[in-house]
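This report concerns only the one structure given below.
Below, chains carry the letters A, B, ... as their sequence lines are ordered, and counting in each starts from 1. Everything numeric here is computed off the predicted structure, so don't read it as measured data.
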Amino acid sequence: MLRRDFVRAVISAGLAPKPLLAQEAGNPAPSLPAPVPWTLGLNPKTPLPVTEAADVVAETEVRFFTQLQISTLNRLADLLVPPIGGKPGALQAQTPLFLDFLIGNSPEPRRKLYTLGLDWLDSESRKKYSTPFSAIDDASAGALLKPWLRTWMSDHPPTEPHAGFINIAHNDIRNATVNSRAWSDVPTVGAEESTAIGLYWSPIEPEPAGLSAERSPVPAHVRAAPKSGESFPIYPR
Amino acid sequence: MKNEIFDVLIIGSGHSGGMAAKILTEKGIRCLMLNAGPVADVSRDAERKPASELPYRGFKPPGRLQHVFQCNEFNANVWVDEQEVPYTFEPAHPYNWVRVRLFGGRSLFWSRQSFRLSDYEFKARSRDGFGEDWPISHADLAPYYSRVEEIFQVTGALDGPPQMPDGNFILDNAPWSASMQRFISAAKPWNMPVCKQRRASGRDGLASSVNLLLPDAEKTGNLTSIADAVVREITVDKNTGRPNGCHFVDRITRREMAVKARVVVLAAGTLESTRLLLNSKLANSSGVMGHYLMDQIYGAGVVCSVPEARGGKSKGIMGGGAIVPRFRNITANHDKFLRGYAFNVSSSTGAVDPRNFAAYGAELQRNLDEYHGSGFHMTVMGEVLGRYENHVRIDSNKVDAWGIPVLHVETKYTENEFNMAKDAVEVGSAVAEAAGFEVLSKNPEPNPPGYSIHEVGTCRMGDDPKRSVLNKWCQSHDHKNLFVVDGACFASAGWQNPTMTISAISMRAAEYLAREMNRQNL
């Protein structure tokens, strides 16, 4: 290269826009936004905001069952799992609304089991009592339900259509109620069922080498506000 | 290290792979272990929670894992996703393939029931003419069973009849509860031996490959492990025709990679090992690979209540459990089925499941209060016969998330299994009534095949290379540097949980392999 060409090249490079130079640089450090680099600051001592489960403070919108079906399910749930002792019943646990969400997202056979079952229950009630199921008294409802109650072992619910619906729905309503926040908030007495407690596994994904919780020198997170019974964390200033 | 040729490539990290790694590395053999999933760190990945804090209140997340009946919201993330690694079957004959790909595999989650097979299983054909005898007997495997029982810290009593050989146990000398004593007396007319349960205690509450086997292997410095390595196929040396490593794909990045080894040991779990061999088009000169898929019937059983224990009087009456080993077709032939079944028996001091009462509301609660602490349960595990037509093959029309062709499973239970379940429920109910228990519910219908998570066979061992895939050392008849050390090698299923047998067979095969390598035969 002639000397004048070299000088021209150096001058051109000096005048080139910075992004162009960055592309040519191969592996440049990212530019830092002012006034504080955005990736810094968050660290294990950063207090975690305390959040609440949405369904504790908000009402689930009915999106799957029809108005008639949800009315029938409300009555069925209240009948099968009413408030007993200090424990809430299915309605207090918002179980029908939860089932609208659960069943609405389930595979078609389970959706059908519920929709056909609820429709059948209401039509039986209208046929026998000229009243929607949602409005019949306990004795009349019992007369409709009891012929279909069965004992059964797990994974093997009754296979007769109406018995299948009644017994599966009963099991679902009961489990959803026992595992509700409303139920777990009330202390369990005697042989009352307790909310299931277990080891919940998050999605398990690999982590950068050497950063497993066991090997990590980073202390566990602290909460911004402690749950009752926990001491308040002290933040050195 | 990058181009290193390992002595042994082990695919799979559960009980069979972990055992092979332990034995081989302790003998100075350099092993590479590949596992298709990540390492689970319980302190990072799991947290104890009430169901009320979970979005689905503990229910199985809808639409996921439809064929994993064991799935709930707590454990939904530990199972292999059926969308990610699908398999196919005829809708009329569903198969429940229950898989874990975390490092350690299903050894992280198992019932710990720890039984030996007996010669009633190893030499079953000689007794009833059905199927094939194994090329080994209990005497061949007994020394290995003893060492496995020591590693797994198996508790039990030396009370087994010939069809349930005793072992190297931490002795259980606890007395039977009153309800169990009544059950034992009532069972006598049926010649039902009632024995103490046999269960692996493990160490620190876990009896897994990750805490009992892999640490020993890692201590030697001879084990290298890679997680998230989804093996696509076994590779073959073009000159010798022998397996020489594998291609794998990184589960997350999809990066395609390859490794080399002198010997390949498959321990990916029965059906994954077979799938890999079928996809690699290896070791199937017999044509029986994929055939003779077996497991055990589960789901049938009887739930009872002990009347005297009701109303809060369970103390001293209730508690404990037992195993009733197979008692059918031992001293007399049954006319409705071959082989037999076992009962798992438990006397509970806890709640009785509400499904045992045809009642609701206040009436149901009165029953639950009254019956609390009086539940007595019998569940059935019965042998499924090995039939050629019960098989798996590659479904060339479907691939998994990494483009690997999936398995098609074609299997169903026959009258033998259904009659066995029916007999079990009839006998269980009769014994319960003879003991003075109230039968609350019973079910004679088995769950779909696969539910027991005891799938075995499809690469069965045998002396005849035309009728079996492996020899008695779990070594391929076709390729002497290829071994399959998981449940795929079983020649019959038995009624027993297979973990002890898989572990003992893997130990025996690994010792043979080490000897052969030292003799320069491999």
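For A:S154, the parts sitting under 4.5 Å from any heavy atom of chain B are the backbone and the side chain alike. Both the backbone and the side chain of B:V42 come within contact range of chain A, with heavy atoms under 4.5 Å apart. Interface remark: A:S184 contributes side-chain atoms only to the contact with chain B (heavy atom separation under 4.5 Å). For chain A, the nearby part of B:Q365 is the side chain; its heavy atoms alone come within less than 4.5 Å. For B:F357, the part lying near chain A is the backbone, with the side chain staying farther off; criterion is any non-hydrogen pair under 4.5 Å. At a 4.5 Å heavy-atom cutoff, the contact between B:Q66 and chain A is made by side-chain atoms alone. When heavy atoms are compared at a cutoff of 4.5 Å, A:R150 approaches chain B solely by way of its backbone atoms N, CA, C and O. Looking at B:P446, only its backbone comes within 4.5 Å of chain A, counting heavy atoms on both sides. In this structure, the portions of A:N175 lying under 4.5 Å from any heavy atom of chain B include both its backbone and its side chain. Heavy atoms closer than 4.5 Å to chain B are found in the side chain of A:I84, but not in its backbone. Residue contact with chain B, scored on non-hydrogen atoms closer than 4.5 Å, involves the backbone and the side chain of A:D172 alike. With a 4.5 Å cut-off on non-hydrogen atoms, B:A351 does not touch chain A at all. Within the 4.5 angstrom heavy-atom criterion, no atom of B:P61 approaches chain A. Both the backbone and the side chain of B:L368 come within contact range of chain A, judged by heavy atoms closer than 4.5 Å. Contact of A:T95 with chain B is made through backbone and side chain together, with heavy-atom distances under 4.5 Å. Of the atoms belonging to B:Y371, not a single heavy atom falls under 4.5 Å from chain A.
Using a cutoff of 4.0 Å between basic side-chain nitrogens and carboxylate oxygens, B:E53 and B:R48 are not scored as salt-bridged. Taking 4.0 Å as the cut-off between side-chain N and carboxylate O, A:D122 and A:R126 count as a salt-bridged pair. Using a 4.0 Å cut-off between charged nitrogen and carboxylate oxygen, A:R111 and A:E108 count as a salt-bridge pair. Checked for salt-bridge contact, B:K422 and B:E426 meet the test: a charged N lies under 4.0 Å from a carboxylate O.
Checking side-chain atoms of B:K60 against main-chain N and O of B:V68 turns up a donor-acceptor pair under 3.5 Å.
Ring geometry, B:F59 versus A:F98: the interplanar angle falls from 30° to 60°, so the pair is classed tilted. Between A:W120 and A:H162, the two ring planes are parallel [angle under 30°; tilted spans 30° to 60°].
If you look at B:H67 and B:F89, their ring centroids are closer than 6.0 Å.
With chain A as partner, the option from B:A362, B:G37, B:A359, B:A300 having the largest number of non-hydrogen pairs under 4.5 angstrom is B:A359. Ranked by heavy-atom pairs shorter than 4.5 Å toward chain B, the options A:R181, A:H156, A:R110, A:M153 are led by A:H156. In terms of heavy-atom pairs under 4.5 Å with chain A, the best-connected choice from B:A40, B:G58, B:A227, B:A46 is B:A46. The candidate from A:L79, A:V81, A:T195 with the greatest count of non-hydrogen atom pairs under 4.5 Å with chain B is A:L79.
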The test is side chain to side chain donor-acceptor pair (under 3.5 Å); show your working for B:S209 and B:S107 and say whether it passes.
CA-CA 6 Å; B:S209 171; B:S107 79; 4.6 Å; no
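Here the options are A:L102, A:D100, A:N105, the test is side chain to side chain contact (heavy atoms under 4.5 Å, CB included), and the partner is A:F64; only A:D100 passes.
In this structure, the side chains of B:N96 and B:P449 stay at 4.5 Å or more apart for every pair of heavy atoms.
Taking every heavy atom of both residues into account, B:A421 and B:P444 meet most closely at CB-O, 3.3 Å.
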